[in-house]
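Contents: one structure, followed by commentary.
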Amino acid sequence: VAPGGLLAAGDVAGARGGRRVSLALFATRDTRDNVFFARDGAFVSLGARVAGGALGSDFAFRRARLDARRYVPLGARAALAVQGVVEQTW
């Protein structure tokens, strides 16, 4: 911690510790042909998380996340993989 910095001053949430308790809900759809070496298919995961005093947390926030991936075979041993991730915390 840098002397005189934001963490040293305690101005950043969590700089002095605290407890985070949250409730999360996630949904996933996976049509990949192989989990480790995918060549075809898709993977989509959508999730939401909420933390707050009502759950016993010292911090309050909401977070949403979307992870989408698509795999397209290119020849016998290669694939094109495209991934998009969007995450928002407020």
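No experiment lies behind these values; they were computed from the predicted model shown.
Distance CG/L74 to CG/D40: 10.5 Å, rounded to 0.5 Å. To the nearest 0.5 Å, the span separating CZ on F37 from CZ on R77 amounts to 11.0 Å. Taken from CZ in F43 to CG in D67, the straight-line distance is 5.5 Å, to the nearest 0.5 Å.
Minimum interatomic distance between S57 and A51 (heavy atoms only, all atoms of both residues): OG-CB, 4.2 Å.
Other residues, nucleotides and ligands place more than 12 heavy atoms under 6.0 Å from the CG atom of L66.
Every pair passing salt bridge (Lys or Arg N to Asp or Glu O under 4.0 Å) that includes a residue from residues 23-39 is listed here, sequence neighbours excluded: D30-R32.
Inter-residue side-chain proximity for L46 and R65 is flagged as unmet; no heavy-atom pair is nearer than 4.5 Å.
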For residues 14-27, run the donor-acceptor check on the side chains, cut-off 3.5 Å, and write out each pair with its distance to 0.1 Å, sequence neighbours left out.
| residue | atom | partner | partner atom | Å |
| --- | --- | --- | --- | --- |
| R16 | NH2 | A9 | O | 3.1 |
| R19 | NE | G56 | O | 3.0 |
| R19 | NH2 | G56 | O | 3.3 |
| S22 | OG | R49 | NH1 | 3.0 |

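With hydrogens and angles disregarded, no donor-acceptor distance shorter than 3.5 Å links the side chain of R63 to the backbone of V50.
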